[in-house]
Amino acid sequence: MSSQPPDSLNDIFERVLTGKSLFANRDALRNEFIPSQIHYRDDQIKAVAQILSPSLAGHKPSNLLIYGKTGTGKTVVTKYVINRLTDKGKTLSGSLRTAYVNARIASTEYRILSELAADLGVNLPFTGLSLSEAFNRIATKIKESAVKAILVLDEIDFLVKSSGDNLLYEFTRANEEFNNEAFITLVGISNDLKFKESLDPRVLSSLNEEEIVFPPYTVDELKSILQERIQVAFVPGKVNDAAVNLCAGMAAAEHGDARRAVDLLRVAGELAERENAESIGDFHIREASKSIERDRVLEAIQSLPIHGKLTLLAVSYFQEAENTGHVYAKYTDLAKRLGLEPLTQRRVSGLLSELDLLGLVSAPVISKGRMGRSKKIKLEVPQQAITNSFKDDETMKTLL
DNA sequence: CCTCCACTGGAAACCTAGGCTC
DNA sequence: GAGCCTAGGTTTCCAGTGGAGG
């Protein structure tokens, strides 16, 4: 990298300046981009709108649960309807408020509450309050100002998985305290229906008053979505049909994920531009798919905590699948070499499960009869990926 | 059919780092 | 500064277990 001849840098700059770039508008391929029109989701848009519309007349809409795989438009559709609803609400006298939180990003109950509070115009300190106090402040505000609130909890399954359903219970119960002037309606979005199993039956029946399922996009739908984005994002004629077909095909194979399709296209465009290609072909899509996977692995490894890295490195020492005991012994050895106090085996067993979840190792539990029961741990990423991830890591590179 | 290995994985307690209120 | 609170990682404890070998 450091030995780039100055001219090649100049080439890069020149290409942008002289407009020879393949991109016309890169932003149209970003995740946050909301297209002016949402295609193939008319039924879902209408359904969501129908369920939430009583709020305009001041009545409490049913709670709603939206379910569908990633990249099926759940968030986009919900945000779209919520925005339109808020706009319409402004023209009327009512005090309709909407709030949106992504439970995976907010990650804790308190942060979820504080983001909701911010959207509702309630002041909550970052920390320092008990959960119940934070909740009371929100509820009091809603009651006193007769707020009609629609709260969207995106990736609600993360909330339930990490903290249980207490918060949801509080929300559903809070409505009983309000008089008819105020209400809270919950809209939960999830790509995992199984989270419902761990809900208290009372919470479930309340949350699940209405349910909408978003089907995956078909190949043809993906193609047409891509075509439309291509028109905005690229200079005309720069993406060939084979590329679009492959892109749609690959995304359809992954449960009709439109976000995935658009990501592939963006990375393919960047790759093609970098190699000075005239247009984007199916080759670039394939390369993009590999590149996205490589980046995902690299990032996953680099963002591991130190003991996670050590555990992964310990696994990588074994060619064949190994049991927890041996991996733990290797891990202990590595930790001591760094002068770190090794964690307990129980914890390392947990770390191994986390690595499994990330797809970096496979660690199914198997029984070998008299030889006991253990995880059967095997590295699932190339050795190379681990070496690459650690070579810039001041601590880990001493072990390589 | 029974035993018994080498763990698993749940639960609770503990610790640290942070931040609020009074 | 005391006395609360939380998040998040960890340790400790321990009951539970699939299935090969007896």
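Being a predicted model, the structure only gives us computed values, none of them experimental.
Taking 4.0 Å as the cut-off between side-chain N and carboxylate O, A/K290 and A/E293 do not count as a salt-bridged pair.
Picking from C/dT10, B/dC7, C/dA7 the nucleotide with the shortest atom distance to the side chain of A/Q345 gives B/dC7. Among the nucleotides C/dG8, B/dG9, B/dC7, the one closest to any side-chain atom of A/S353 is B/dG9. For A/R347, the listed nucleotide lying nearest its side chain is C/dT11; candidates were B/dC7, C/dT11, B/dT8.
Between the side chains of A/T324 and A/S349, no donor N or O sits under 3.5 Å from an acceptor N or O.
For A/R373 and B/dT8, a side-chain-to-base donor-acceptor distance below 3.5 Å is absent, hydrogens and geometry of angles not being considered.
OP1 or OP2 of C/dT10 has not a single side-chain nitrogen or oxygen of A/T344 nearer than 4.0 Å. Considering only side-chain N and O atoms, A/T324 lies under 4.0 angstrom from the phosphate OP1 or OP2 of B/dT8. Regarding contacts with the backbone of B/dC7, a side-chain N or O of A/N323 is found under 4.0 angstrom from either OP1 or OP2.
For A/Y67 and A/F214, the ring centers are positioned 6.0 Å apart or more.
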Hey, what are the protein-to-nucleotides 10-12 of chain B N/O distances that come in under 3.5 Å?
from	atom 1	to	atom 2	distance (Å)
B/dG10	N7	A/R346	NH2	3.1
B/dG10	O6	A/R346	NE	2.8

Could you go through nucleotides 20-22 of chain C and list every protein N or O atom that sits under 3.5 Å from one of its N or O atoms, giving the distance for each pair?
none

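Comparing A/G372 and A/L351 along DNA chain C, the residue whose closest nucleotide (by nearest heavy atom) sits nearer the 5' end is A/L351.
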